[in-house]
Amino acid sequence: MTGNPSLHLWLIPLLPFLGFLLNGLLGRHLPKALVSTIALLFTAAPLALVAGIALRFSSLTLPYIERTAMPWIITSTATSTFRADFAFLLDPLTLVMLLVVTGVGFLIHIYSVSYMAHEEGYWRYFAYLNLFMFFMLTLVLAENFLLMFVGWEGVGLASYLLIGFYFLRESAASAGIKAFLLNRIGDFGFLLAMFLMIAHFGSLSYNRVFAAIAEHPQMQGGFLTAIALLLLLGATGKSAQIPLYVWLPDAMEGPTPVSALIHAATMVTAGVYMIVRSHTLFDRSPFALGVVAVIGAATALFAATVAMVQTDIKRVLAYSTISQLGYMFLACGAAAYSAAIFHLVTHAFFKGLLFLAAGAVIHSLGGQQDLRAMGGLRKTIPITFWTMSAGVFAIAGLPPFSGFFSKDAILYQTFLSPTAGPILWFVGLVTVLLTAFYMFRLWYLTFFAASRAEGGHEHPHESPWVMLVPLILLGVLSVGGGWIGIPSALGGSGHFAHFLDPVLAAPPSPSYEETRITMDEQGVARAAAASTPQAPARPAGNDNQERLFSVLSVIMALAGWFMADLLYRRKPGMAGQLAQRAGGAYELLVNKYWIDQLYNALIVVPLLFLTRYLLWGAVDSGIINGSGSAAAGTVRGLGALVQRVQSGNIRSYAGWLAIGAAALLLLTYFGFSMHV
């Protein structure tokens with residue numbers, strides 16, 4: 001863009017891709033130290049570039065669009081022209097996502113150097129990790145839906161490779177395939193949405209699509225609802241929401257740092273980012289927003305109930321991620337997009353911390369992941385304990401930790417929203433209690449209960465410093481990372497929401513490409529030109545009301561903590577007794593509502609029957625193989641007849657010659673007679 005220095009945005013995703021190429025092609029023959037150096041260098045460099053952009057962000061004229069020299073795709077017909085550029089977009093939303101992806105991603109790379117040090121395929125792991133970063137950064141920087149889809153598909157591929165990293169284990173290979181296939185369902189919805197955009201807008205550029213919508217205030221519902229719902233289908237796959245969430249718990253088969261990367265900073269946040277980026281479409285369809293809110297609230301509550309009874313430390317955190325993503329979808333459905341991104345940021349801090357701390361616990365116990373075999377680790381691994389405690393308090397939503405501010409912003413905006421309302425707010429409030437319960441349950445079972453380690457796990461040890469430094473940094477962010485978004489009702493200025501206002505508060509005007517974003521004296525982004533917001537109007541709240549809602553959520557979190565303290569510290573035998581009394585209800589939760597079994601019975605088994613028996617038996621064996629066999633039989637039969645002619649007997653040849661001559665004469669005669 002004119003007036004701006006060249007930012008070379010293309011270098012941000014390119015550098016991790018170069019790291020992938022170097023380690024992918026040469027890593028097998030390189031020492032581990034060099035492999036890790038390449039991986040870290042090519043993720044630290046993008047972080048440095050993003051930090052540099054952030055430092056001079058206030059001086060930039062935005063939105064900044066960086067195109068390649070030549071068009072990427074261009075097609076023309078007699079009536080229209082379609083063009084998609086390989087172009088990158090920088091605005092406040094992009095910058096926030098870039099900081100999260102590069103910052104948290106780099107810390108996970110550092111942690112991985114020690115955690116994966118003794119694993120086979122060390123070079124392959126870091127090659128895949130760099131590839132993951134490349135595709136996620138491409139997704140975030142994309143200026144149009146088509147380029148976003150390239151990154152979207154790429155993170156799906158990288159997740160498949162990383163989840164199935166231990167491919168010799170059948171469970172890991174199956175988990176990778178499951179993630180890949182379920183995401184294809186969502187991707188199909190994304191593709192259909194893009195086809196509808198091309199049909200109605202003739203473009204996939206954010207600028208052109210959103211400006212076309214802004215030009216027509218009467219454009220409501222209809223095909224916009226269809227596009228929004230198809231995009232939502234894509235988001236439910238990538239962000240593991242009902243009904244496509246079932247791949248994420250199985251993704252725990254991958255290495256623990258992979259779980260941290262997927263859950264905290266990359267893949268699962270892509271669906272939330274896509275909805276927020278497309279908010280102009282969703283704002284014109286209250287029905288689509290309502291569907292998003294219902295799916296988010298249902299997923300948050302559903303996953304929280306399952307997390308309450310899980311015994312694998314990583315699976316507790318996996319269902320926790322599904323639940324927290326449900327909060328983000330609930331915020332999107334309430335048209336509280338800045339609250340959704342705010343929670344995305346704080347979640348990246350505390351969920352990255354929780355997974356890495358869980359990895360440190362597993363490392364200290366020689367690979368043990370079962371909470372029932374843990375306990376008494378508070379004094380033996382104190383740094384891990386204190387850092388993980390920060391993550392537990394943050395996700396539980398207790399002040400002044402980061403999760404408190406972002407979660408409260410979602411709940412308050414949900415209550416005020418006409419597309420969500422008090423019922424879904426209450427669902428979110430109950431989920432606060434359940435979240436605090438299952439996270440403090442994990443905390444007590446891991447660090448406070450009597451040690452139940454067996455065999456070679458009797459001497460747990462603290463992790464190396466290369467693993468602890470990322471924990472400490474993420475611990476600090478889990479405590480204070482939410483302070484950037486403290487609302488005015490709680491003594492803050494709502495700086496984070498104001499920073500995103502130019503992107504989220506209003507759709508682009510018809511002259512979007514001429515709209516510029518400037519920075520005020522406090523460094524908050526302001527739109528120089530913006531049209532009237534199209535999101536559904538919501539009742540105005542007040543500071544006292546917001547404070548009351550915050551008090552209610554804190555009470556619920558404290559109630560969840562009290563329940564966990566009662567069952568797992570003061571009266572540890574009571575939990576087992578309650579489980580026995582609950583009977584079928586407890587079995588329902590332990591078996592995760594039998595959703596996997598239900599999907600298997602209703603979808604997988606019929607598809608296998610259709611493909612293996614019906615299609616293979618009737619179509620493949622009957623028609624395709626049958627027609628081939630018939631053709632072969634015909635040729636063989638003709639060959640047998642010809643073989644009889646070629647007998648080697650001269651008298652036989654003479655007879656055949658006479659018969660042929662007679663036939664030729666008859667044909668000639670009858671043909672001549674008919675002609676006359």
Side-chain angles (χ1 to χ4, degrees), residues 232 235-249 263-264 268-269 271-272 275-276 289-310 315-337 339-348 350-351 354 392 394-398 402-417 419-442 549 552-554 556-557 559-560 589 592-593 595:
L232 173 61
T236 58
K238 201 65 69 182
S239 293
Q241 297 292 283
I242 292 174
L244 300 179
Y245 73 93
V246 291
W247 67 269
L248 192 57
H263 287 244
V268 296
T269 62
V272 178
I275 291 178
V276 173
L289 283 177
V291 173
V292 175
V294 169
I295 287 178
T299 304
L301 180 63
F302 169 86
T305 59
V306 176
M308 292 167 56
V309 298
Q310 294 299 301
R315 285 186 179 267
V316 174
L317 297 179
Y319 279 101
S320 167
T321 297
I322 297 170
S323 181
Q324 294 301 306
L325 287 164
Y327 272 120
M328 298 175 210
F329 272 67
L330 177 58
C332 290
Y337 303 108
I341 295 299
F342 187 22
H343 199 58
L344 184 153
V345 173
T346 60
H347 179 263
F350 59 70
K351 187 51 62 68
L354 288 169
V392 169
I395 192 174
L398 293 171
S402 61
F404 164 74
F405 299 104
S406 57
K407 175 261 300 173
D408 269 25
I410 291 173
L411 291 177
Y412 183 56
Q413 294 299 322
T414 297
F415 184 84
L416 296 177
S417 170
T419 55
I423 294 177
L424 296 187
W425 164 80
F426 182 74
V427 172
L429 190 65
V430 172
T431 306
V432 171
L433 183 148
L434 300 181
T435 302
F437 172 78
Y438 69 69
M439 286 309 304
F440 280 107
R441 169 181 176 265
L442 178 151
F549 277 75
L552 288 175
S553 69
V554 171
M556 294 296 278
L589 297 181
K592 297 159 284 191
Y593 295 89
I595 297 296

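Taking both residues in full, the closest heavy atoms of Ala396 and Val432 are given as O-CG1, 4.3 Å, listed atom of the first, atom of the second, then distance. Between Val292 and Cys332 the shortest heavy-atom distance is CG1-CB, 4.0 Å. Val427 and Ala297 make their closest contact through CG1-O, 3.5 Å (heavy atoms, listed as atom of the first residue, atom of the second, distance). Annotation for Ala300 and Thr431: closest pair O-CG2, 3.5 Å, computed over non-hydrogen atoms. Residues Ala340 and Val276 approach most closely at CB-CG2, 4.4 Å, considering heavy atoms. Heavy atoms only, all atoms of each residue included: Ile322 and Ala240 are closest at CG2-O, 3.4 Å.
A distance of 10.5 Å separates NZ of Lys407 from OG1 of Thr346, quoted to the nearest 0.5 Å. Interatomic distance, Ile275 CD1 to Ser239 OG, rounded to the nearest 0.5 Å: 7.0 Å. With values rounded to the nearest 0.5 angstrom, Leu552 atom CG is found 12.5 Å from Tyr412 atom OH. We find the OG1-CD distance between Thr236 and Gln241 to be 8.0 Å, quoted to the nearest 0.5 Å. In this structure, His343 NE2 and Leu325 CG are separated by 8.5 Å, a value rounded to the nearest 0.5 Å. Atom CD1 of Ile341 sits about 11.5 Å away from atom OG of Ser406, to the nearest 0.5 Å.
A 4.5 Å side-chain heavy-atom check between Thr435 and Gln324 finds at least one atom pair inside the cut-off. Between Lys592 and Gln310, some side-chain heavy-atom pair lies under the 4.5 Å cut-off. Leu354 is listed as a side-chain neighbour of Met439, based on a closest heavy-atom distance under 4.5 Å. Side-chain contact between Ile595 and Pro243 is absent, with no heavy-atom pair separated by less than 4.5 Å. Two residues are said to be in side-chain contact when any heavy atoms from C-beta on lie closer than 4.5 Å; Phe440 and Val392 meet this criterion. Annotation: side chain of Phe404 is not in contact with side chain of Leu398 (no heavy-atom distance under 4.5 Å). Side-chain contact between His347 and Thr321 is present, with at least one heavy-atom pair separated by less than 4.5 Å.
The main-chain N or O of Val316 is never found under 3.5 Å from a side-chain atom of Ser320 such that the two would form a donor-acceptor pair. With Ser323 contributing its side chain and Tyr319 its backbone, the two residues share no donor-acceptor pair below 3.5 Å. Looking at Thr414, its side chain never comes within 3.5 Å of a backbone N or O of Ala334 through a donor-acceptor pair. Remark: the backbone N or O of Gly333 is paired with a side-chain donor or acceptor of Thr419 at under 3.5 angstrom. Formation of a donor-acceptor pair under 3.5 Å by the Thr299 side chain with backbone atoms of Ile295 is found in this model. Remark: side-chain polar atoms of Trp425 are not paired, donor with acceptor, to backbone N or O of Ala420 under 3.5 angstrom.
For Phe302 and Tyr593, the distance between ring centers is under 6.0 angstrom.
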Inset, instruction - Starting from the C-alpha separation in whole Å, work towards a yes-or-no answer on side-chain contact (heavy atoms from CB on, under 4.5 Å) for Tyr327 and Leu411. - result: CA-CA 9 Å; Tyr327 272 120; Leu411 291 177; 4.0 Å; yes
